[in-house]
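Report on the following structure.
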Amino acid sequence: MTAVEKKKKVKQDARDQKFFNRWRRYFQFVITHIFYMIRLKLVYRLEVYGKENIPKSNEYIVAPNHLSTLDPPMIASVFNRPIAYMAKKELFKNPFMRWWLNWLGSFAVDREHLSISTIRTVLTIKKTDWVFGIFPQGTRQEPGVIHDITKGFASLAKSTKCGILPVGIVGAHKALWMPFKGKIVIKIGEVIPYSDNVEEMVEKWTEAIQELTGFKYEPTLA
């Protein structure tokens, strides 16, 4: 590895409890619950259902479907706990994005190969007042269908003994700025208990998201 490659290499070290401190919590709260919520209420007329399904503990993984770049801060804005998202390592190569994501409590991962450090970080999050968040689809998808579901989220649930909280998002795919022009609905389902059967947890999440969003699951063609 050359000196330049080493400089560009993104660290995926496990985050310790000090990383998830009150300052990052305050920063995320101000960004999501104030700045983003103003836009969400004014422009998108955000409606949230099922908040009673959110566990009081943090031994669960927040797992929404994925429609837009608005999704991560939007989901964080409706939870009382700060959410630590897993973000692809490529995003951290940009200095500003690295600073921004670090302050929001996100951490870098290789989506193709989940490392031991990722599992350790999720276990660390359980020891704090944060909750872990991940988008099982990996990347943004078109509305109306559910596909390209990765199994990593269910594997993490198994490894860390966390339940999976399915969250359905509808209407977030359009970037709007004019007041009252949009409509976003978030529905929070019931927790899927963790088990040793990864395939079963993936199937239950898929069924829950279909019910919450009205979208249809389409298997990914080989």
Side-chain angles (χ1 to χ4, degrees), residues 15 17 19-88 91-92 96-109 118 121-122 124-141 153 156-157 160 162-173 175-176 182-189 191 205 209 212-213:
R15 301 293 196 186
Q17 286 183 249
F19 179 80
F20 301 101
N21 56 44
R22 61 177 179 175
W23 302 114
R24 285 189 170 87
R25 178 180 182 136
Y26 294 156
F27 184 81
Q28 186 181 110
F29 180 88
V30 170
I31 296 300
T32 61
H33 286 66
I34 299 177
F35 290 105
Y36 268 94
M37 187 54 76
I38 291 174
R39 178 185 172 192
L40 290 168
K41 288 291 188 179
L42 183 64
V43 179
Y44 290 98
R45 297 177 296 159
L46 176 67
E47 294 182 3
V48 182
Y49 302 93
K51 292 190 73 171
E52 66 276 7
N53 292 325
I54 300 176
K56 294 182 179 180
S57 72
N58 67 338
E59 296 184 354
Y60 63 94
I61 292 173
V62 180
N65 62 305
H66 202 3
L67 297 178
S68 78
T69 55
L70 186 64
D71 297 342
M74 177 174 64
I75 294 300
S77 73
V78 302
F79 276 71
N80 292 328
R81 292 179 181 272
I83 299 179
Y85 286 107
M86 187 174 76
K88 60 182 181 180
L91 293 175
F92 288 79
F96 173 76
M97 284 299 297
R98 181 168 60 249
W99 175 87
W100 180 254
L101 292 171
N102 278 334
W103 267 99
L104 287 173
S106 298
F107 56 99
V109 296
T118 301
T121 298
V122 178
T124 295
I125 293 170
K126 288 178 65 177
K127 299 175 183 178
T128 70
D129 58 357
W130 292 59
V131 66
F132 172 59
I134 185 174
F135 292 92
Q137 292 169 289
T139 58
R140 299 186 300 275
Q141 307 290 335
F153 76 105
L156 281 171
T160 60
C162 283
I164 298 172
L165 185 67
V167 181
I169 304 172
V170 177
H173 57 288
L176 302 172
K183 180 74 170 182
I184 293 179
V185 175
I186 294 176
K187 293 184 179 180
I188 303 169
V191 172
W205 179 86
I209 294 299
L212 293 168
T213 63

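- Judged purely by atom type and a 3.5 angstrom limit, Asn102 has no side-chain atom pairing as donor or acceptor with the backbone of Trp99.
- With Arg24 contributing its side chain and Ser106 its backbone, the two residues share no donor-acceptor pair below 3.5 Å.
- Across Thr213 and Ile169, no two heavy atoms sit closer than the pair CG2-N, 3.7 Å.
- No donor-acceptor pair under 3.5 Å is formed between the side chain of Asp71 and the backbone N or O of His66.
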Under 3.5 Å donor-acceptor pairs involving side-chain atoms of residues 72-86, not counting sequence neighbours:
| from | atom 1 | to | atom 2 | distance (Å) |
| --- | --- | --- | --- | --- |
| Ser77 | OG | Met74 | O | 2.5 |
| Arg81 | NH1 | Asp129 | O | 3.2 |
| Arg81 | NH2 | Lys56 | O | 2.7 |
| Tyr85 | OH | Pro72 | O | 2.7 |

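- A donor-acceptor pair under 3.5 Å is formed between the side chain of Thr121 and the backbone N or O of Arg15.
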Given side-chain contact (heavy atoms from CB on, under 4.5 Å), test Leu46 with Met37 step by step and report yes or no.
CA-CA 9 Å; Leu46 176 67; Met37 187 54 76; 4.1 Å; yes
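- Rounding to the nearest 0.5 angstrom, the gap separating the CG atom in Asn21 from the OG1 atom in Thr128 is 10.5 Å.
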Check the pair Phe132, Thr160 against side-chain contact (heavy atoms from CB on, under 4.5 Å), reporting the backbone distance first and the verdict last.
CA-CA 11 Å; Phe132 172 59; Thr160 60; over 6 Å; no
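- Between Ile61 and Cys162 the shortest heavy-atom distance is CG1-CB, 3.9 Å.
- Ring planes of Trp23 and Tyr26: perpendicular class, angle over 60° (limits at 30 and 60°).
- A donor-acceptor pair under 3.5 Å is absent between the side-chain atoms of Asn58 and the main chain of Val131, judged by distance alone.
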Please lay out, stage by stage, how Leu212 and Val167 fare under the test side-chain contact (heavy atoms from CB on, under 4.5 Å).
CA-CA 7 Å; Leu212 293 168; Val167 181; 5.9 Å; no
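- Atom CG of Leu165 sits about 13.5 Å away from atom CD of Glu59, to the nearest 0.5 Å.
- Between Gly50 and Ile188, the closest heavy-atom pair is O-CB, 3.5 Å.
- Between the side chain of Tyr44 and the main chain of Leu176, a donor-acceptor pair closer than 3.5 Å is present.
- For Lys127, the NZ atom counts as loosely surrounded, since its 6.0 Å shell holds 12 or fewer non-hydrogen atoms of other residues, nucleotides or ligands.
- Using modelled atom types, one side-chain atom of Arg45 and one backbone atom of Gly182 make a donor-acceptor pair closer than 3.5 Å.
- Rounded to the nearest 0.5 angstrom, Gln141 CD and His173 NE2 are separated by 13.5 Å.
- The aromatic rings of Phe27 and Trp100 sit perpendicular, their planes meeting at an angle over 60°, well past the 30° parallel limit.
- From Phe96, atom CZ reaches atom CG of Leu101 across 9.0 Å, with rounding to the nearest 0.5 Å.
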Walk me through it: do Phe107 and Thr124 pass the test side-chain contact (heavy atoms from CB on, under 4.5 Å)?
CA-CA 12 Å; Phe107 56 99; Thr124 295; over 6 Å; no
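- For the residue pair Phe20 and Trp130, the shortest heavy atom distance occurs at O-NE1, 3.4 Å.
- When all heavy atoms of Ile184 and Gly171 are compared, the closest pair comes out as CG1-O, 3.4 Å.
- Of all the heavy atoms in Trp205 and Ala63, the pair that sits closest is NE1-O, 2.8 Å.
- Taken to the nearest 0.5 Å, the CG atom of Leu67 stands 10.0 Å off from the CZ atom of Arg140.
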